[in-house]
Amino acid sequence: MSQLLFRTLREAPQDAEVESHKLLARASYIYRLSSGVYNYLPLGQRVLNKINSIIRSKLDSVGAQEMFMSVLQPVDIWDESGRSADFGALLPAFQLEGRSGHYVLGPTHEEVATRIVSTYAKSYKDLPVTIYQIQTKFRDEARPRFGLLRTKELIMCDAYSFDVSKEKMVDSYEKLRIAYDQIFKELDLEVTPVEAKSGAIGGDVNHEYMVPSPIGEDTFVSCFSCGYSANTEIAKKRNLSQEEIDSINKSITERFNTLIPEEVLTPGDGSIEEVAGTLNLKDSKESFLKTYVLKDKEDKTKTVFIVVNGDRQIKVPNELEAFEKEDFLNSGLIKGFVSPYNLDPNFNVKVICDYEILKVPESGYVVGANKENYHVTNVVPFKDFKIDEFADVASVQSGDSCPKCNSSLTLIRSVEAAHTFQIGLKYSNAMKNAEFLDSDGGTKPYYMGCYGIGVSRLLAVIAEKHHDSDGLIWPSAVSPFDVVIVPLLASKDDRVKMTANRVYEDLSQICDVLFDDRELSPGVSLADADLIGITLRVVISPKTLISECAEVKDRRTGSIELVKLEVLAQHLSSLLVE
RNA sequence: CGGGGAGUAGCGUAGUUUGGUUAGCGCGCCUGCUUUGGGAGCAGGAGGUCGCGGGUUCGAAUCCCGCUUCCCCGACCA
């Protein structure tokens, strides 16, 4: 330990905000070189190695083959797959000085993997094949966050499966799912696979592996009764049938027939925040209706309003895109004050409303007046404006109804630890030669799957889940060492010194041992051991030697017991397999 | 990219409003002695272009201008 490159800090560096970051920095696991760029010190590297070996053994066990792809990638292959545009600024291409080619630092490796497999697996007899690697990825994140949680450089394990058909692709996906479950189980992390957005990777079916945590950047909905779970970005709510809508229509029209809409002065930019402030309704944003103005991507003259409650986000349907400044000018709509109320009847627009707006508040809704600096209160759907269509266009909130079983949904904040995709043909169709000869002699494209685990992020997630006020508490599977030996008063007591040395030699035969040979005062040694968080701590001191014992502390439970030296090794082994 | 905050020794900080000795303190580090089961005591010591550049001034950590880095909120985020 006197030779280990580390130094514990009593105080966390000022730039560390979340607990995992503070502890990993205080205990010398990681070193920040610049924003979003971390270096792994010897202790951190040991944990990474443990995580990696778990991942390797589980992926190998389902037949995946490890390889190592290049960080440097020619931008051509990104043009070939058509993803240069999808990634945009996250993928900054550059030129090497004095050379002509353009390169990127790989943020992910679908293109490279496809290129390689399409070179070597040309026959259906070569399939299925799944390759993976553990490697550093580069992404120019606009805002790195929370220590290791969101970084510009990250270590990732990415796997790619290639199959002859959609069915086989699903089989491969299943296999990897099983491997993933085992990996997270061994890492002592409770993950929930949730339906998610496939984003720039592509494909249809995909799952994020979520670890619930208050520092998470994602939120997913979960139904405790049927198990439905999905990222809020794509989570569905229960849709109402036409009969239900009709009956609600009837009842609200009756219920609110005396309510008269009233124009109110709301100067400003028309944002919900501001208008709610003016009308003193800050705590009831749900009594506003927000109208988003969109146009059809194909036919840009088609205008669509999407209306949702003021406290919800909109889910933009794929075929639509937002109005821009000049669209507002051309249409005569006033940004910030648009609504379906009091529209020019000749104005051609399709009004799509979210189902949730049918839960009309007592005094109706506040909506834009289609007039600068004015809103309208007491507005009731159906009665006061026409609706062309209902759809699930608003974000989900806690308490909404489950789309599968109708019970109540719960929102859970979480960290995305892994993401798997059934990509299908996206890359094999786009890229040259990404095909094989089938048994019938025909040429077919590969059905692909893609699977990523954020390894460096896991370091933070595990630390976040496993710590107490004294420091880190590593699950034994990833602890940088299995055991730390802390001799107390060794400088004064030769017997302690000799015994500790002997115990160190003995234990080294059966597990990874860290030996605190620093001869510091007892408080420091003990506090450091707790902070670093090695699963088991063995203290040898004059006191314990009186009874020929060592003191064993299990950092996970906090339990402390005296164990006879002659059975120490055996005792520790049994604790480690737990 | 928009908004907010911050850069003083390895880490944490005082001093900046109101310019004025040699920039102070705690932790850590080095030497020596004493101590020793939960971050020891005494004595001595090393370590700073006060983020960078310019300006104002007899004099700048402190005032002014520009730049830069880092953190937080948001936008974005395979």
Side-chain angles (χ1 to χ4, degrees), chain A residues 5-18 21-22 25-28 31-37 78 81 83-84 86-91 104 106-111 137-147 149-152 154 156 158 160 196-203 206 208 215-218 231 233 271 273 313 322 415-416 418-421 423 426-427 450-454 457 469-471 486-493 496 516 518-532 537 539-546 550-551 553 560 562:
Chain A
L5 185 67
F6 89 113
R7 158 138 289 120
T8 53
L9 300 174
R10 276 206 214 192
E11 284 161 305
Q14 178 226 25
D15 63 8
E17 187 80 5
V18 298
H21 187 193
K22 285 182 185 170
R26 278 183 59 204
S28 300
Y31 171 79
R32 187 181 62 71
L33 186 58
S34 85
S35 179
V37 180
W78 289 77
S81 69
R83 283 211 298 177
S84 306
D86 299 350
F87 268 74
L90 273 176
L91 180 80
V104 298
T108 173
H109 283 73
E110 282 78 14
E111 283 82 359
K137 310 280 186 201
F138 176 79
R139 287 164 191 187
D140 192 13
E141 290 293 345
R143 173 137 109 84
R145 255 186 250 245
F146 298 150
L149 215 64
R150 177 151 231 100
T151 52
K152 286 177 189 273
L154 55 144
M156 177 186 257
D158 46 329
Y160 307 90
K197 212 164 77 173
S198 65
I201 295 283
N206 74 95
E208 286 173 334
I215 64 162
E217 298 181 285
D218 286 284
N231 193 308
E233 292 172 331
S271 67
E273 282 296 330
Q313 300 292 310
V415 176
E416 175 190 354
H419 200 159
T420 60
F421 307 78
I423 305 176
K426 172 170 174 172
Y427 299 90
C450 154
Y451 318 82
I453 303 178
R457 182 180 277 183
S469 57
D470 292 328
V486 184
L488 298 184
L489 311 181
S491 58
K492 275 283 143 52
D493 189 327
V496 169
D516 190 350
R518 297 177 299 171
E519 303 194 355
L520 298 172
S521 66
V524 177
S525 303
L526 297 172
D528 278 357
D530 285 346
L531 176 60
I532 292 170
R537 182 186 84 186
V539 172
I540 294 167
S541 73
K543 224 159 81 183
T544 65
L545 289 182
I546 292 170
E551 176 198 280
K553 177 179 179 186
I560 294 178
L562 283 173

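Below, read A as the first sequence line, B as the second, and so on, with proteins coming before strands; counting in each chain starts at 1. Since the model is a prediction, treat every value here as computed from it, not as a measurement.
Side chains of S198(A) and N206(A): a donor-acceptor N/O pair is absent below 3.5 angstrom, by distance only. Defined by atom type and a distance below 3.5 Å, a donor-acceptor pair is present between the side-chain atoms of S81(A) and E111(A).
Nearest nucleotide to the R32(A) side chain, out of C70(B), G38(B), C72(B): C70(B). Among the nucleotides G37(B), U36(B), C76(B), the one closest to any side-chain atom of A142(A) is C76(B). Side-chain proximity of P522(A) to U36(B), C70(B), C73(B): nearest is U36(B). Of the candidates C11(B), U36(B), G74(B), U36(B) carries the atom nearest the S491(A) side chain, counting heavy atoms from C-beta on. When distances are taken from the side chain of D530(A) to each of G37(B), G38(B), C76(B), the shortest belongs to G38(B). With C77(B), C70(B), G38(B) as the candidates, the nucleotide lying closest to the side chain of K553(A) is G38(B). Each of U13(B), C73(B), G37(B) was ranked by its minimum atom distance to the side chain of Q14(A); first place goes to U13(B). Here the nucleotide nearest the side chain of D15(A), chosen from G38(B), C71(B), U36(B), is C71(B). Among the nucleotides G39(B), U35(B), G38(B), the one closest to the side chain of L526(A) is G38(B).
In this structure, A200(A) reaches the sugar-phosphate backbone alone: every heavy-atom distance under 4.0 Å involves primed, P, OP1 or OP2 atoms, never a base. Heavy atoms of P107(A) sit nowhere under 4.0 angstrom from any nucleic acid atom. Within the nucleic acid shown, D86(A) has no heavy atom closer than 4.0 Å to any nucleic acid atom. The residue A25(A) sits apart from the nucleic acid: no heavy atom pair falls under 4.0 Å. At the heavy-atom level, E110(A) lies nowhere under 4.0 Å from the strands shown. Looking at heavy-atom distances under 4.0 Å, K492(A) makes contact with a base. Looking at heavy-atom distances under 4.0 Å, R518(A) makes no contact with the nucleic acid at all.
The C1' atoms of U68(B) and G54(B) are separated by 14 Å, rounded to the nearest whole Å. Remark: the separation of the P atoms in G45(B) and C50(B) is 24 Å, to the nearest Å. Comparing the C1' positions of C11(B) and C70(B) gives an interatomic distance of 16 Å, to the nearest angstrom. Annotation: G10(B) and A6(B) have their P atoms spaced 22 Å apart (nearest Å). Comparing G5(B) with G47(B), their P atoms are spaced 37 Å from each other, to the whole Å. Distance check on atom P: A43(B) versus U49(B) gives 29 Å, rounded to whole Å.
In this structure, CG on D218(A) lies 5.0 Å from CG on N231(A), to the nearest 0.5 angstrom.
Residues R150(A) and E141(A) are paired through a salt bridge, judged by an N-O separation under 4.0 Å between the basic side chain and the carboxylate. Using a cutoff of 4.0 Å between basic side-chain nitrogens and carboxylate oxygens, R26(A) and E11(A) are not scored as salt-bridged. Salt bridge status for K22(A) with E17(A): absent, with no side-chain N to carboxylate O gap under 4.0 Å.
Using a 4.0 Å cut-off, some side-chain N or O of R145(A) falls inside it from OP1 or OP2 of G74(B). Residue R143(A) has a polar side-chain atom (N or O) positioned under 4.0 Å from OP1 or OP2 of C73(B). For the OP1/OP2 pair of U36(B) and a distance below 4.0 Å, the side-chain nitrogens and oxygens of S521(A) include no atom meeting the criterion. A sub-4.0 Å separation between OP1 or OP2 of C71(B) and a side-chain N or O of S35(A) is present.
Taking atom CD of residue E217(A) and atom P of nucleotide A75(B), one finds them 11 Å apart after rounding to whole Å.
If you check U57(B) for Watson-Crick or wobble pairing at under 3.5 angstrom, you find it has no partner at all. A75(B) is unpaired under the criterion used here, namely a Watson-Crick or G-U wobble arrangement in which both key atom distances are under 3.5 Å. In this entry A9(B) has no Watson-Crick or G-U wobble partner, no candidate having both defining distances under 3.5 Å. Of all nucleotides present, none satisfies the Watson-Crick or G-U wobble test against U35(B) with each distance under 3.5 Å. Across the strands present, U16(B) finds no partner; the criterion is a Watson-Crick or G-U wobble pair with both atom distances under 3.5 angstrom.
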Protein within reach of the bases, or only the backbone? For nucleotides 26-31 of chain B, mark each nucleotide 5' to 3' as B, S or -, using heavy atoms under 4.0 Å. BSSS--
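Looking only at side-chain heavy atoms (C-beta outward), I201(A) and C450(A) come within less than 4.5 Å of each other.
Minimum interatomic distance between T108(A) and Y160(A) (heavy atoms only, all atoms of both residues): OG1-OH, 3.6 Å.
If F146(A) and L154(A) are placed on RNA chain B by their nearest nucleotide, the residue sitting closer to the 5' end is F146(A). Both H21(A) and I540(A) lie near RNA chain B, and the one whose nearest nucleotide falls closer to the 5' end is I540(A).
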